[in-house]
Amino acid sequence: MNYLCLDLFLTDIILLGTMKKLVQDFEVLQRKELNDDHFVLDVKALEPLPEIRPGQFVNVLVKDSNTTFLRRPLSIHFVDYERNTISLYIKKIGDGTKKLGELKEGDSLNIVYPLGNQYSIPNNANTLLVGGGCGVAPLLYLAKHLKEAGNNVTTLLGVRSEKDAVELDAYKEYGNILVTTEDGSFGEKGYPTQHSILEKEKFDYVFTCGPEPMMKAVAAYSAQNNIPCEVSLENTMACGFGACLCCVTETTEGNKCTCTEGPVFNINDLKW
Amino acid sequence: MNYLCLDLFLTDIILLGTMKKLVQDFEVLQRKELNDDHFVLDVKALEPLPEIRPGQFVNVLVKDSNTTFLRRPLSIHFVDYERNTISLYIKKIGDGTKKLGELKEGDSLNIVYPLGNQYSIPNNANTLLVGGGCGVAPLLYLAKHLKEAGNNVTTLLGVRSEKDAVELDAYKEYGNILVTTEDGSFGEKGYPTQHSILEKEKFDYVFTCGPEPMMKAVAAYSAQNNIPCEVSLENTMACGFGACLCCVTETTEGNKCTCTEGPVFNINDLKW
Amino acid sequence: MVNLGVKLKDLSLKNPVMTASGTFGFGEEFEDFIDLSNLGGILVKGTTRHHREGNPYPRMAETPSGMLNAVGLQNKGVENFCKDIYPRIKHYDTNILVNVSGSVIEDYVETAAMINELEHIPAIELNISCPNVKEGGMAFGTSCASAASVVKAVREVYKKHLMVKLSPNVTDITEIAKAVEAEGADSVSLINTLLGMAIDAETRKPLLSTVTGGLSGPAVKPVALRMVWQVFNAVNIPIVGLGGIMNAKDAIEFILAGATAIQIGTANFIDPQVTEKVVVGIEEYMKRHNVQDINDLIGALQIQ
Amino acid sequence: MVNLGVKLKDLSLKNPVMTASGTFGFGEEFEDFIDLSNLGGILVKGTTRHHREGNPYPRMAETPSGMLNAVGLQNKGVENFCKDIYPRIKHYDTNILVNVSGSVIEDYVETAAMINELEHIPAIELNISCPNVKEGGMAFGTSCASAASVVKAVREVYKKHLMVKLSPNVTDITEIAKAVEAEGADSVSLINTLLGMAIDAETRKPLLSTVTGGLSGPAVKPVALRMVWQVFNAVNIPIVGLGGIMNAKDAIEFILAGATAIQIGTANFIDPQVTEKVVVGIEEYMKRHNVQDINDLIGALQIQ
Ligand SMILES: Cc1cc2nc3c(=O)[nH]c(=O)nc-3n(C[C@H](O)[C@H](O)[C@H](O)COP(=O)(O)OP(=O)(O)OC[C@H]3O[C@@H](n4cnc5c(N)ncnc54)[C@H](O)[C@@H]3O)c2cc1C
Ligand SMILES: Cc1cc2nc3c(=O)[nH]c(=O)nc-3n(C[C@H](O)[C@H](O)[C@H](O)COP(=O)(O)OP(=O)(O)OC[C@H]3O[C@@H](n4cnc5c(N)ncnc54)[C@H](O)[C@@H]3O)c2cc1C
Ligand SMILES: Cc1cc2nc3c(=O)[nH]c(=O)nc-3n(C[C@H](O)[C@H](O)[C@H](O)COP(=O)(O)O)c2cc1C
Ligand SMILES: Cc1cc2nc3c(=O)[nH]c(=O)nc-3n(C[C@H](O)[C@H](O)[C@H](O)COP(=O)(O)O)c2cc1C
Ligand code: FES
Ligand code: FES
């Protein structure tokens with residue numbers, strides 16, 4: 001890797017300002033409980049889905065919650081064009097996500113989408129995806145796209161303990177899947193950045209999403225090893241489509257809008 | 001009827017300040033749809049029910065509604081001590097009552113009760129109960145009590161059309177049931193105060209609950225005929241138990257608290 | 001065991017949880033639901049020199065996450081309070097504070113003087129901020145001069161703890177707070193209700209007989225928190241924070257913003273047991289965060 | 001066919017539904033969702049004399065039935081607006097109003113003067129009420145003298161429709177309204193956000209980088225309605241009402257209280273199509289109530 005290459009890579013983060021945004025009712029197809037507080041929601045569009053890129057997110061309306069006022073942003077976990085569905089990978093945090101966890105087959109869910117930019121997709125490279133917590137959400141769809149572009153894909157998930165190591169088979173479809181657990185009950189013990197694979201293998205690209213401390217550790221590893229690295233950031237969002245300017249991320253070029261100029265950022269642009 | 005008797009009757013409206021009020025979770029046993037917008041909700045107490053008098057009401061907490069903040073007051077439609085249940089007769093008005101109409105078996109409902117005073121119960125008299133709209137709610141339990149005290153009970157319901165003439169069999173258990181419909185599709189055509197029974201029969205006591213214009217017409221009929229008459233009033237209620245003073249009814253003795261000194265009032269006390 | 005006790009100057013509360021005036025009757029209305037002795041204090045109904053019938057029906061309207069009221073200080077007057085009600089409630093094992101309201105300064109003074117004589121009432125809360133009375137009331141709380149004058153006059157006759165309840169319907173609440181502090185207020189409580197209004201689009205009529213009324217409940221919490229924090233940075237007397245507190249988390253937020261004690265109002269209508277639950281919740285929070293003394297949380301907001 | 005058209009003095013709107021500044025970007029952000037030509041007008045982002053980076057993260061916190069923001073007028077400055085943005089949006093078949101903000105009077109004046117030259121901008125909204133900027137901003141809107149002085153100065157250079165946006169964070173909004181009317185404001189819009197605050201009890205930190213921020217959404221609707229009604233009874237210029245409008249029913253309430261037009265802000269975030277829906281809903285309401293002309297509803301609140 002050299003800097004020239006890195007620069008090219010930077011421009012790969014395409015601003016998708018030209019993709020038409022929609023507000024539509026979806027139908028809940030199924031809710032899969034993954035463990036105590038994580039679940040996957042498959043929702044079916046009533047019209048054919050538009051093109052959706054890995055790293056993009058949706059903003060969902062939570063009905064029937066006394067305490068939820070704004071929509072809730074959620075990464076797009078997977079898109080199945082055959083079934084015309086989007087999958088969301090959700091962690092129950094407060095009343096909004098709890099109410100989403102009570103949706104059942106046939107319920108309707110109002111969604112604004114597709115929002116945000118996307119992860120870059122290199123070709124024929126050795127790629128590493130690092131996820132933690134509900135930050136794993138966008139990685140599955142990313143893995144699929146990376147594989148389709150001829151990349152070698154390794155997904156490394158950091159979780160607390162065995163019961164949180166979920167959906168491993170899904171990732172396996174697109175490459176190698178590795179796990180670290182904090183309590184050592186599964187995979188290697190420790191945090192993802194302590195996994196032995198990082199010493200054994202040399203990656204060309206790193207993509208990460210998860211708790212900020214984890215992403216910062218991954219960014220540090222990437223910077224040290226001169227590997228281009230993209231992170232997906234969260235922020236406080238009111239609209240999700242560039243209207244409110246509430247979701248500012250500080251970058252080397254000044255304040256950027258996380259919901260339209262992100263959520264995916266190259267670590268070189270961040271003031272980390 | 002003479003005024004002496006009327007005075008005695010007035011004092012029958014007992015203030016139930018000494019009945020202990022409770023706040024408890026109930027379990028929904030069943031929801032019976034009566035027609036498009038009315039339903040009956042049977043809820044089971046987890047502890048033995050206290051004494052509940054006809055005319056009293058409950059204040060229920062509506063969960064999972066983005067727009068409902070305060071509790072919703074509802075008359076006690078029926079009490080079944082054997083099943084340990086209270087029945088509520090509810091009309092869907094806004095989001096609060098709509099959400100109650102989505103409760104299903106096993107759901108829990110938080111209730112503050114028993115609230116308010118009660119209808120007077122005479123003995124061995126000829127009593128008329130006049131209800132309209134969801135104002136019929138307290139009359140079924142009242143009819144039961146009246147019958148048990150040896151009264152002759154005639155219930156007269158005023159509804160819009162045949163499909164609104166519901167639960168007639170339930171009232172029949174305690175006496176005679178008559179109906180007026182506005183469109184003449186069932187019973188006599190017109191308003192309850194136009195029913196022929198009022199000319200044919202002489203009543204000793206009248207009890208009414210329903211839309212204010214109907215109650216005022218019933219009150220006028222009673223006053224003209226010198227029949228003691230009790231009405232159950234609605235009001236804007238925040239607490240339901242005398243703490244907020246938001247539910248004032250103007251009486252001949254000054255402002256009274258509808259939730260503790262009512263909801264049942266003798267028409268002679270009202271400035272109608 | 002964590003310490004929940006706080007002091008408003010000389011006035012000791014076993015915990016920071018009080019009730020808000022006008023939402024808790026005389027305490028009696030809640031005896032079926034909770035044990036009053038578990039509370040730091042109760043504020044009884046707004047009391048005036050003379051009997052008041054209050055405003056006509058309708059007096060209440062629900063609003064998004066809140067409610068408007070236009071009760072208008074319905075009460076039987078201070079003489080009735082001293083004679084009939086005080087004997088009934090004076091045994092409560094908690095601080096009983098009387099909320100004193102008026103239309104003219106003399107009324108405030110006479111009412112306060114009478115309550116000064118009641119052994120088991122350790123403090124009054126001077127309501128210079130009620131939006132629901134025609135003359136006086138809120139007007140006193142919306143200018144420094146009038147706020148100062150009523151506090152000064154009452155201070156002369158009232159010898160125990162004098163809490164002054166501030167109106168949020170002002171450009172700068174810190175000025176009013178400083179003015180009443182200068183006249184000898186022992187503490188300030190805030191906020192009273194925000195002046196609001198609701199309309200029924202179908203009937204084209206106001207939902208309150210008085211057209212405008214007082215807004216309370218969670219809707220006002222952000223404004224209340226802001227004002228508590230502003231006043232905390234402006235005065236040296238203790239602050240009692242209120243406005244939209246529904247649970248222990250909300251109460252902690254007010255304490256972090258600078259409140260020594262808090263009051264719970266509208267929430268009592270939705271859960272008549274909420275006050276006891278908030279006491280328990282504060283204790284749980286302290287244990288979870290390893291805080292030994294509630295006093296360590298007062299104004300402990302971390303601003304970087 | 002019912003008539004939905006209203007006039008703000010010389011400014012004709014095809015219907016009373018406008019968007020609130022800072023919540024609608026430059027309109028472009030909503031082109032995927034609605035047809036802008038269906039609206040009475042759009043208010044573009046708060047524009048200042050010079051580029052502003054706005055406040056640091058975090059800038060937003062959800063509150064009960066509302067939200068707090070601390071954007072702090074992030075914008076690229078009026079020159080950028082005239083050069084880059086105006087050419088992109090000037091073709092919109094609706095009234096485009098620019099919300100003009102500043103820290104010192106000269107900034108307001110220079111910005112207004114530049115926008116005066118833009119053919120397709122028939123009006124500006126002078127924001128003397130933003131709570132999220134350190135100097136100036138809200139301070140201008142909270143005293144009659146300063147409000148008057150900024151309006152007076154801008155009036156001298158700005159020849160088209162001058163709308164002045166009032167702050168709700170004042171003791172008496174009618175005084176400010178009268179002061180700006182006296183200096184030649186063509187209309188007033190109200191309310192801007194209420195100053196509020198939110199705290200994370202777990203981290204003991206404020207939820208906004210600026211500690212306090214502006215409260216908007218249905219939580220503030222009762223306060224906004226009250227102020228519109230008060231100002232309607234105090235001035236003769238038309239009023240644009242806003243604050244918590246989520247649907248046509250809310251819009252009708254503001255019109256009944258005295259607003260000639262309304263603006264929709266926060267609701268755009270929750271339903272980006274809400275503005276079009278409100279236009280349709282107002283029309284439905286009029287048909288249901290047999291009202292031929294929307295102007296018959298303005299201030300038509302029935303007080304008995
Ligand atoms: C671009 C983007 C993509 C996202 N993708 C996903 C996703 O795919 N799956 C997913 O589960 N979540 C995702 N999130 C986070 C998700 O939006 C929040 O978890 C959700 O809004 C919480 O809503 P709630 O009503 O359940 O909790 P709230 O009631 O809003 O919050 C409850 C408590 O948790 C705190 N809190 C709120 N959000 C978070 C958070 N993210 N982490 C920790 N504490 C928090 C609040 O301060 C509050 O104290 C994403 C967020 C963004 C901005
Ligand atoms: C003591 C008492 C006993 C009651 N008993 C019963 C009962 O047994 N069964 C029953 O169905 N209802 C009863 N009610 C009325 C019931 O409380 C209301 O219908 C309910 O609060 C409406 O709540 P909501 O959330 O569905 O509607 P909201 O969202 O509160 O109201 C929706 C719209 O309807 C209007 N509205 C509200 N209440 C009424 C009303 N009562 N009539 C007409 N319009 C209204 C509102 O102004 C609003 O515009 C009783 C009320 C009282 C005070
Ligand atoms: C129905 C009602 C009556 C009230 N009466 C009084 C009163 O008499 N005196 C007073 O100082 N405040 C009165 N208030 C204001 C409350 O004490 C409190 O300041 C306000 O409601 C904000 O707190 P909350 O949001 O917790 O209710 C009243 C509030 C309500 C809702
Ligand atoms: C994110 C956000 C940004 C805002 N920016 C501005 C602004 O730049 N200029 C302005 O005058 N008002 C601004 N406002 C205030 C709104 O225009 C409006 O006055 C307020 O939000 C109340 O209306 P609402 O409840 O419909 O949102 C902003 C509001 C929000 C929520
Ligand atoms: S969330 Fe509104 S601009 Fe990003
Ligand atoms: S509803 Fe509160 S006193 Fe009657």
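Because the structure is predicted, anything quoted here is derived from the model rather than measured. Order of the sequence lines sets the chain letters (A, B, ...), proteins ahead of strands, with each chain counted from 1. Hydrogens, waters and symmetry mates are skipped; everything else that's a heavy atom, side chains included, is used.
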Hey, what do you get for CD (C:E253) to CZ (D:R204), rounding to the nearest 0.5 Å?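 These two atoms lie 13.0 Å from each other.
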
Distance check, rounded to the nearest 0.5 Å: C:K205 atom NZ versus D:I303 atom CD1?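 C:K205 atom NZ to D:I303 atom CD1 measures 11.0 Å (nearest 0.5 Å).
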
Proximal component of [X], with respect to chain D [non-hydrogen, under 4.5 Å]:
X	value
C:A224	neither
C:T203	backbone
C:F254	neither

Greatest number of heavy atom pairs closer than 4.5 Å to chain D - which of C:M227, C:M246, C:Q230, C:H289: C:H289

Name the option with the most non-hydrogen atom pairs under 4.5 Å to chain D; the candidates are C:A257, C:P168, C:G244, C:G196.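 Looking at each of C:A257, C:P168, C:G244, C:G196 in turn, C:G196 comes out on top.
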
Go through the atoms of [X] and report whether side chain, backbone, both or neither lie under 4.5 Å from a heavy atom of chain C.
X	answer
D:A61	neither
D:L297	side chain
D:V211	side chain
D:I252	side chain

Smallest separation among heavy atoms of [X] and [Y], with atom names:
X	Y	answer
C:V170	D:T171	CA-OG1, 3.2 Å
C:L215	D:A219	CD2-O, 4.0 Å
C:P206	D:L301	N-CD1, 3.7 Å
D:A198	C:L225	CA-CD1, 4.2 Å

Taking the side chain as every heavy atom from C-beta outward, state whether [X] and [Y] have any atom pair closer than 4.5 Å.
X	Y	answer
C:R288	D:E202	yes
D:T212	C:W229	yes
D:R226	C:N169	yes

